[in-house]
Amino acid sequence: MASRDNNGKTVTPVLRISQLDALELNKALEQLVWTQFTRCFHGFKPGLLARFEPELKAFLWLFLWRFTIYSKNATVGQAILNIQYTNDLSQVQKYQALSKHQKLWYLICTVGGKWLEERCYDLFSSHPLESFRKTKHFINLVVGLLKLCELLNFLIFLQKGKFATITERILGIRSVFCQPQTIRQIGFEYMNRELLWHGFAEFLVFLLPLINMQKLKLKVSSWSLPTAGYSNNANTVATFKECSLCGEWPTMPHTIGCSHVFCYYCIKSNYLFDMYFSCPRCGTEVQDLQPLKYKVEMKEVNTL
């Protein structure tokens, strides 16, 4: 049920997908801020920030908390999606902003919890002493229990749609829309075109590897070239003066059983690519690659 505050602002519960999107946007923003911050020290000695990384991250998250939760009752991801936190512990049905205690405990549970986890990990990894072993096992047990509680809270959230994180459930804060939601008009024509094009593209990706493009190209080119009239001497001389594939003077000329000549590399590469390769001019299939006789080649050179 939607309700209105003293200013007449409508507040309605937030969809599950919107709450999850807001959490993902928050993570992306934190990663972006940390990446931009580390670029400021790109020219310094490597590993300069590694020693104080938990404290620096905590300072940056504190800076974000000051200008999001503390001042606007919403994270950056929630502000983008038109969402705010409301005090769910209040018995009033109207919108209630978060109290200072809730904001402070939110800071302790989020920023303080992340800092404590990272600092404890660095502490125990750099001091692998026997005296720290029991404490490390205890902290790992506590962290495991917290992860289990987060899993249970997430399953409950999927069922009821409230309190996406365990921090929200403990502090009694929930997400609501801060402005009335309007129905978006969706044009399905563009979507249909995209689906049709993607389907056609996937069909081509499947079909093109099955087509012998080289053979098809040679077949089309054979239609545009003369296929008869090679009996006279002039045409016979022309066939020996150029490769039937590349059109240049044949290098290491070879024949395939017909009256045409090919460069060795041209005919060999095409034959390896297609075992059913045929001459593009007369359609004769490759029977055997034979080098052109030396006397014949010299004879054709002299006739130029």
Side-chain angles (χ1 to χ4, degrees), residues 13-35 37 49-66 68-70 73-79 81 83-90 98-176:
V14 180
L15 301 175
R16 298 172 179 83
I17 186 62
S18 299
Q19 298 183 56
L20 296 178
D21 287 343
L23 294 177
E24 293 299 324
L25 288 174
N26 294 335
K27 294 178 182 179
L29 175 68
E30 292 177 357
Q31 184 63 33
L32 179 62
V33 171
W34 176 248
T35 302
F37 180 78
L49 302 179
R51 184 177 179 182
F52 306 101
E53 182 174 337
E55 285 74 20
L56 293 175
K57 285 186 176 181
F59 175 77
L60 293 177
W61 308 161
L62 175 63
F63 180 80
L64 293 176
W65 170 85
R66 170 61 182 82
T68 54
I69 297 294
Y70 185 80
N73 295 313
T75 63
V76 175
Q78 290 177 330
L81 298 176
I83 300 173
Q84 277 185 337
Y85 274 135
T86 184
N87 188 356
D88 195 59
L89 299 178
S90 176
L98 302 183
S99 63
K100 292 184 177 180
H101 293 288
Q102 287 177 319
K103 296 178 181 179
L104 182 60
W105 279 109
Y106 185 91
L107 173 67
I108 295 174
C109 294
T110 55
V111 179
K114 293 179 182 178
W115 171 83
L116 184 63
E117 181 180 1
E118 294 185 6
R119 179 48 66 191
C120 288
Y121 176 79
D122 293 341
L123 178 64
F124 291 118
S125 61
S126 59
H127 299 83
L129 301 178
E130 186 68 24
S131 58
F132 286 96
R133 183 168 299 178
K134 293 183 178 180
T135 306
K136 183 179 180 180
H137 288 324
F138 175 75
I139 293 179
N140 290 336
L141 179 62
V142 173
V143 172
L145 291 176
L146 289 176
K147 298 296 183 182
L148 179 61
C149 293
E150 290 179 357
L151 175 60
L152 295 176
N153 177 78
F154 183 73
L155 295 177
I156 298 174
F157 163 74
L158 294 179
Q159 181 181 6
K160 298 186 177 181
K162 292 176 59 177
F163 308 119
T165 63
I166 192 173
T167 302
E168 297 177 1
R169 185 174 297 275
I170 294 175
L171 300 181
I173 57 178
R174 64 186 179 93
S175 302
V176 294

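Just the heavy atoms: all of them, side chains too, but no hydrogens, waters or symmetry mates, feed the values below.
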Peer 1: Report yes if the side chains of Asn73 and Ile173 come closer than 4.5 Å at any heavy-atom pair, otherwise no.
Peer 2: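 No, their side chains stay 4.5 Å or more apart.
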
Peer 1: Roughly how far apart are Ser18 OG and Leu81 CG, rounded to 0.5 Å?
Peer 2: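 If we round to the nearest 0.5 Å, Ser18:OG and Leu81:CG are 6.0 Å apart.
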
Peer 1: At what distance, to the nearest 0.5 angstrom, does CD of Glu53 lie from CH2 of Trp115?
Peer 2: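 CH2 of Trp115 is found 14.0 Å from CD of Glu53.
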
Peer 1: For the CG atom of Leu145 and the NZ atom of Lys147, what is their distance to the nearest 0.5 Å?
Peer 2: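 Interatomic distance, Leu145 CG to Lys147 NZ, rounded to 0.5 Å: 12.0 Å.
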
Peer 1: Of all the heavy-atom pairs spanning Leu171 and Leu89, show the shortest one and how long it is.
Peer 2: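 For Leu171 versus Leu89, the nearest heavy atoms are O-CD1, 3.7 Å.
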
Peer 1: Main chain of Gly112, side chain of Trp61: is a donor-acceptor contact present, judged purely on distance under 3.5 Å?
Peer 2: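 No, Trp61 side chain to Gly112 backbone: no donor-acceptor pair under 3.5 Å.
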
Peer 1: Have Gln78 and Ser175 got a donor and an acceptor in their side chains that come within less than 3.5 Å?
Peer 2: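 Side-chain D/A pair, Gln78 to Ser175: present.
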
Peer 1: Donor-acceptor pair, Gln102 side chain versus Ser99 backbone, under 3.5 Å?
Peer 2: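 Looks like yes, one N/O pair under 3.5 Å.
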
Peer 1: Is there a side-chain contact between Ile170 and Cys109 in this structure, where contact means two heavy atoms from C-beta onward sitting under 4.5 Å apart?
Peer 2: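 A side-chain contact is absent here, since even the closest heavy-atom pair is not under 4.5 Å.
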
Peer 1: Under a 4.5 Å cut-off applied to non-hydrogen side-chain atoms, are Leu107 and Ile69 in contact?
Peer 2: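 Not in contact.
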
Peer 1: Please tabulate, one pair per line, all N/O donor-acceptor pairs under 3.5 Å involving side-chain atoms of residues 158-165, not counting sequence neighbours.
Peer 2:
residue : atom : partner : partner atom : Å
Thr165  : OG1  : Glu168  : N            : 3.4

Peer 1: So, does Thr110 use its side chain to make a donor-acceptor pair with the main chain of Tyr106 at under 3.5 Å?
Peer 2: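 Checking the backbone N and O of Tyr106 against the side chain of Thr110, a donor-acceptor pair under 3.5 Å is found.
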
Peer 1: What are the two closest heavy atoms between Ala79 and Ala74, and how far apart are they?
Peer 2: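 Smallest heavy-atom distance, with atoms named: N-CB, 4.4 Å.
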
Peer 1: Taking only residues two or more places apart in sequence, or in another chain, which ones meet Asn26 in a side-chain hydrogen bond (donor to acceptor under 3.5 Å, both in side chains)?
Peer 2: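 Thr75.
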
Peer 1: How close do Leu25 and Gly77 get, heavy atom to heavy atom, and via which atoms?
Peer 2: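 Closest pair (atom of Leu25, atom of Gly77, distance): CB-CA, 3.7 Å.
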
Peer 1: Hey, what do you get for OG1 (Thr86) to CD (Gln84), rounding to the nearest 0.5 Å?
Peer 2: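 Answer rounded to 0.5 Å: 8.5 Å.
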
Peer 1: Between the side chains of Lys114 and Glu118, is the shortest nitrogen-to-carboxylate-oxygen separation below 4.0 Å, so that they form an ion pair?
Peer 2: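 So Glu118 does not pair with Lys114 through a salt bridge.
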
Peer 1: Determine whether Leu20 and Phe157 make a side-chain contact, defined as any pair of heavy atoms from C-beta on separated by less than 4.5 Å.
Peer 2: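 Result yes, sub-4.5 Å side-chain heavy-atom pair found.
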
Peer 1: Look at atom CH2 of Trp105 and say whether more than 12 heavy atoms of other residues, nucleotides or ligands are closer to it than 6.0 Å.
Peer 2: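 No, the 6.0 Å shell around CH2 holds no more than 12 heavy atoms from other groups.
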
Peer 1: With side chains defined as the heavy atoms from C-beta onward, is the minimum distance between Leu56 and Leu60 less than 4.5 Å?
Peer 2: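 No, side chains not in contact.
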
Peer 1: If you count heavy atoms of other groups shown closer than 6.0 angstrom to CZ of Phe37, is the number above 12?
Peer 2: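 Correct, the count exceeds 12.
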
Peer 1: With a 4.5 Å heavy-atom cut-off, do Tyr85 and Lys103 have their side chains touching?
Peer 2: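 A side-chain contact is absent here, since even the closest heavy-atom pair is not under 4.5 Å.
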
Peer 1: Considering all heavy atoms of both residues, which atom of Val14 and which atom of Gln19 are nearest to each other, and what is their separation?
Peer 2: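 For Val14 versus Gln19, the nearest heavy atoms are O-NE2, 3.1 Å.
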
